[in-house]
Amino acid sequence: MSRYTKEDIFRMVEEEDVEFIRLQFTDIFGLVKNVAVTANQLGRVLDNRCMFDGSAIEGFVRIEESDMYLYPDLDTFEIFPWRPQQGKVARLICDVHYPNGEPFDGDPRYVLKRMMAKAKDMGYTFLAGPECEFFLYHTDEEGNPTTVTHEKAGYFDMGPLDYAENVRRDIVLCLEEMGFEVEASHHELAPAQHEVDLQYQEGLRTADDVTTFKMAVKNVAKRHGLHATFMPKPQEGVNGSGMHINMSLTDGMGRNLFEDENDPAGLSTLAYQFMAGILYHMKEMVLLTNPLVNSYKRLIPGYDAPNYIAWSTHSNRSALIRIPSARGYSTRIELRCPDSSANPYLALAACLAAGLDGIEKGMTPPPSVDRNIYAMTREEKAQAGIEALPETLKEAMISFENSSFMREVLGEHIFNKYLEAKDREWKAFRAHVTDWEVNEYLYKY
């Protein structure tokens, strides 16, 4: 059931003195785009008559078929707390449609909505909770971002070691003002690294929240003279930033379908099947959960990020999937490879699709790995059937390109456009001569 009607939106805009409304949507990479209108255009907006040029957006349409329409999701209406309090700025997250009213198959939000609808037809509601990590760095004299920080704080440290404690507090208060439920926030392991954990929500709401969260973090950080980055590995020698995704399914009564008190691990058959599907399809979909050249600099041994496709009933952080200790309604699986550069709509759609495929095919996961995988020999990993995640963007692209499953999940349009864009990124990276290469080879050869 919807929270808001058109009349509610008109009333809130008038009562709250909203002058500008940002109509948000994302490109295929999850980057937020918007068309801004004044309040006197609200009627046209709510009647789905706001048009924009889709040919200007990465991965959308060609110039000869550029007219696209924005259909606002009324339940996403929020006022930005970081904007002026007189003449306020609000936003509506929108779905993208063709001129004939059909949903645009290149809209990432539509991909997730399709998968959510499939889950619902099977009797399930998909819930997800992200753990979002990011760095707060200084800017230079011209306001450009750097990777400079003066702090030395570590895991769970507080002020005065944690210089950005007040920034993180303002981020959380800003999010709560927008209706977020923030479970926890704390300093992470690396200097200048932070984590904010968002409340479990229905999958589409979670993806919407992640896009809004990143926007809020960047704006609050800027007000403090800092730059917030969700780049997975901005500095070598320290831990990178991930976005662990906690997942479960519920039924129509809200009961957690992953729980089984009679199972030694407390997991239901459905949970095992869902997890088996993700493990089976992980190589194919890692291009969506870890989409950048830089993403694979985080997925290396020694920095608490998973490198191997395995799961563990214990708090084994060397495994790709771990089962957090909480049980009952909180029974869930935690996928630990994604990072916050991922498009949350596509990443969650891929996770859900893989999990549902595991259920439909009755898949069974391999045995739990309850030892440190990093310490296992190559022979031990082979004997246990433990495969490695792709080590580079190119390896991930190959697995993705050869996947008929991912082509079906995303649809031809996004599948092809996404792959084309990643191919350009990889070629640009290959052509770039890095500082490491100069330092390593210039004096030798």
Problem - Sole candidate of N34, L42, V89 that passes side chain to side chain contact (heavy atoms under 4.5 Å, CB included) when paired with I21 - result: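 With I21 as partner, N34, L42, V89 yield a single side chain to side chain contact (heavy atoms under 4.5 Å, CB included), made by L42.
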[X] vs [Y] side-chain heavy atoms within contact, under 4.5 Å:
X    : Y    : value
Y308 : L320 : no
L410 : F400 : yes
E334 : I321 : no

[X] and [Y] ion-paired at < 4.0 Å:
X    : Y    : answer
E425 : K422 : yes
R371 : E380 : yes
D107 : K113 : no
R169 : E165 : no
K283 : E387 : yes

Write down the atom of [X], the atom of [Y], and the distance for their closest heavy-atom approach.
X    : Y    : value
L288 : A350 : CD1-CB, 3.8 Å
V18  : A90  : CG1-CB, 3.9 Å
S340 : G242 : OG-O, 3.7 Å
T149 : A192 : OG1-CB, 3.6 Å

Problem - D208 side chain to T76 side chain, donor-acceptor N/O pair below 3.5 angstrom - result: no
Handout entry: Which residues share a salt bridge (Lys or Arg N to Asp or Glu O under 4.0 Å) with D423, sequence neighbours left out
Key = K427
Fill in the blank from the handout: For R223, the salt bridge (Lys or Arg N to Asp or Glu O under 4.0 Å) test, sequence neighbours excluded, returns none
Problem - All ring pair (Phe, Tyr, Trp, His ring centres under 6.0 Å) counterparts of Y303, not counting sequence neighbours - result: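 Not a single residue meets the ring pair (Phe, Tyr, Trp, His ring centres under 6.0 Å) criterion with Y303.
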Handout entry: K214 charged N/C atom sitting above F230 aromatic ring, 6.0 Å / 45°
Key = yes
Practice task
Examine R22 relative to F20 and say whether NZ or CZ is less than 6.0 Å from the centre of the six-membered ring and inside a 45° cone about the ring axis.
Solution key: no
Problem - Counterpart residues, side-chain contact (heavy atoms from CB on, under 4.5 Å), relative to Q199 (two or more places apart) - result: E181, E183, Q201
Problem - Listed partners of E19 passing side-chain contact (heavy atoms from CB on, under 4.5 Å), at least two apart - result: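 Partners of E19 by the side-chain contact (heavy atoms from CB on, under 4.5 Å) criterion, ordered by chain and then number, come out as D17.
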Practice task
Scan residues 274-299 for pairs that pass ring pair (Phe, Tyr, Trp, His ring centres under 6.0 Å), counting only residues two or more places apart or in two chains.
Solution key: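 As it turns out, the ring pair (Phe, Tyr, Trp, His ring centres under 6.0 Å) pairs with a partner in residues 274-299, which skip direct neighbours, are F258-F274, H281-F405.
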